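Here the structure is laid out as structure tokens; the discussion comes afterwards.
Bear in mind that the values here come from a model prediction, so they are computed numbers and not experimental data.
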Amino acid sequence: MKKAVFLYNPQSGKGRIERNVETICKALSDHGYEVKPQTIDFGKNPFDGNEQIDLMVAAGGDGTVNFVTNAMFAKGLNIPIGVIPAGTANDFAGAIGMSYDVVEAARQIATGHEERIDCGRVNDRYFVNILSFGIFTTTSQRTSDERKHKIGKLAYIIEGSKEFRTMHAVPLKVVADGEEFDFNSLMVLIFNGETAGGFHLARRSSIKDGMFDMILLEKKNFLRSTLAMGHYLMGGNPKIVRHVRARKINIVSTINEPTDVDGQAGARFPLDVECMAGALRVICPSK
């Protein structure tokens, strides 16, 4: 019998996960898995003692998937991962087609198939969906879990509105697949995935193409920068929004701007970023 661990946070999904632990485990065991439920402890590696399992099922958002991915690679493992979306941001789960009904997502994993999915690496950290820095990009880190659980994505908007007071430029020297350019940025988004907070900002991005989609918003006056980003969101191509596709990106700055990976604290500058094509083994729903 194949062995699986079901890793979950009792608070995820406003308690939906904890209420459905038994049902989720049964959905997996009905399809040949011996399942061990395990509550998540972000201070410990969930693969300690679980090095020989056949499947790690993680319930949570992008931050949880990020944690599991980094923990797995830290131990030199490459075990298939199943994702049950139960966080505030579930962009990675959405990209692989998971249901937002946690029990149905468990069934999708139980009957699904393994696919090779791209993974991003920045310095010594891995990310599954997005690396970002600049205005609004570290909002998730500063938003309390309690507020996220109470009001969901609105919590990000409330916290993000505070950043208008500290809006500043980040001067960059960028090398993307050998192409070098300077850029005075207000915000930079490097997508491995396809969406950020549900917004489809990376128009051509795919988690299976071995490429990053990088979006850079140039720092102008507040009104022009804001209107340009709104124009881009509406499908336009404003001049101060630059779009780059690349496999390897190196970014240097005179400012050590904080970065974010999948809603968690990211790497420090300089940034050496690489798309690791097909590095993750992920259970996706059968079509």
request  = For residues P238 and A228, report the shortest heavy-atom separation together with the two atoms involved.
outcome  = CG-O, 3.2 Å

request  = Supply the atom-to-atom distance D209 CG to E194 CD, rounded to the nearest 0.5 angstrom.
outcome  = 8.5 Å

Polar side-chain atom of T64 near backbone of A58 as donor-acceptor pair, under 3.5 Å = no

query = Are K208 and I117 side-chain neighbours, meaning at least one heavy-atom pair lies under 4.5 Å?
reply = yes

ask   = Do N192 side-chain atoms and D118 backbone N/O form a donor-acceptor pair below 3.5 Å?
value = yes

query = Under a 4.5 Å cut-off applied to non-hydrogen side-chain atoms, are F181 and R242 in contact?
reply = yes

query = Do the non-hydrogen side-chain atoms of K2 and E34 ever get within less than 4.5 Å of each other?
reply = no

request  = Of all the heavy-atom pairs spanning P46 and M56, show the shortest one and how long it is.
outcome  = O-CE, 3.9 Å

request  = State the CG-OG distance between L216 and S185, to the nearest 0.5 angstrom.
outcome  = 7.0 Å

message = Tell me whether L189 shares a hydrophobic cluster with V175, the cluster being built from Ile, Leu, Val, Met, Phe, Trp, Tyr side chains joined at under 4.5 Å.
response = no

query = Does a side chain donor of either D62 or N66 reach within less than 3.5 Å of an acceptor in the other side chain?
reply = no

remark   = Of all heavy-atom pairs linking G63 and Q264, the shortest is CA-NE2, 3.4 Å

key: Basic-acidic side-chain contact under 4.0 Å: K75, D48   = yes

query = Under a 4.5 Å cut-off applied to non-hydrogen side-chain atoms, are F92 and D262 in contact?
reply = no

key: pair V68-F47: side-chain heavy atoms closer than 4.5 Å   = yes

key: Heavy-atom pair of closest approach, residues D213 and R245   = OD1-NH1, 2.6 Å

query = Would a distance-only check, ignoring hydrogens and angles, find a side-chain to backbone donor-acceptor pair under 3.5 Å from D272 to N250?
reply = no

task = Return the orientation label for the Y8 and F6 ring planes: parallel under 30°, perpendicular over 60°, tilted otherwise.
result = parallel

Backbone N/O of A106 and side chain of Q108: donor-acceptor pair under 3.5 Å = no

ask   = Can you tell me if T259 uses its side chain to pair, donor with acceptor, with the backbone of A267 under 3.5 Å?
value = yes

For residues 36-44, which side-chain donor-acceptor pairs fall under 3.5 Å, sequence neighbours excluded?
residue: K36; atom: NZ; partner: N50; partner atom: OD1; Å: 2.8
residue: Q38; atom: OE1; partner: N50; partner atom: ND2; Å: 3.2
residue: D41; atom: OD1; partner: G43; partner atom: N; Å: 2.9

message = Do V5 and L77 sit in one hydrophobic cluster, given that two such residues count as connected whenever their side-chain heavy atoms are within less than 4.5 Å of each other, even indirectly?
response = yes

key: Sequence-distant partners of D177, salt bridge (Lys or Arg N to Asp or Glu O under 4.0 Å), two or more places apart   = none

request  = Give a yes or no on whether the backbone of N256 and the side-chain of R268 come within a donor-acceptor separation of less than 3.5 Å.
outcome  = no

ask   = So, does N129 use its side chain to make a donor-acceptor pair with the main chain of T195 at under 3.5 Å?
value = yes

query = Out of curiosity, R19 CZ to I24 CD1, how far, rounded to the nearest 0.5 Å?
reply = 11.0 Å

inquiry  = Any side-chain to backbone donor/acceptor pair from R125 onto A265? Under 3.5 Å, distance only.
reply    = yes

Side-chain donor/acceptor of N90 to backbone N/O of A86, under 3.5 Å = yes

task = Decide yes or no for L172 and F133: does some side-chain heavy atom of the first lie under 4.5 Å from some side-chain heavy atom of the second?
result = yes

Contact check, side chains of V188 and V174, non-hydrogen atoms, under 4.5 Å = no

task = Mind running side chain to side chain contact (heavy atoms under 4.5 Å, CB included) on I130 and D91 for me, showing each step along the way?
result = CA-CA 9 Å; I130 187 170; D91 291 295; over 6 Å; no

inquiry  = Using a strict threshold of under 4.0 Å (side-chain N to carboxylate O), is an ion pair present between K173 and E180?
reply    = yes

V57 vs I84 side-chain heavy atoms within contact, under 4.5 Å = yes

key: I96 to C284 - nearest heavy-atom pair and separation   = CB-SG, 4.0 Å

message = Does the plane of the ring in F212 sit parallel, tilted or perpendicular to the ring in F127? Use 30° and 60° as the thresholds.
response = parallel

query = Donor-acceptor pair, N123 side chain versus F269 backbone, under 3.5 Å?
reply = no

task = Taking all non-hydrogen atoms of both residues into account, name the closest pair between C275 and M211 and its distance.
result = SG-N, 3.6 Å

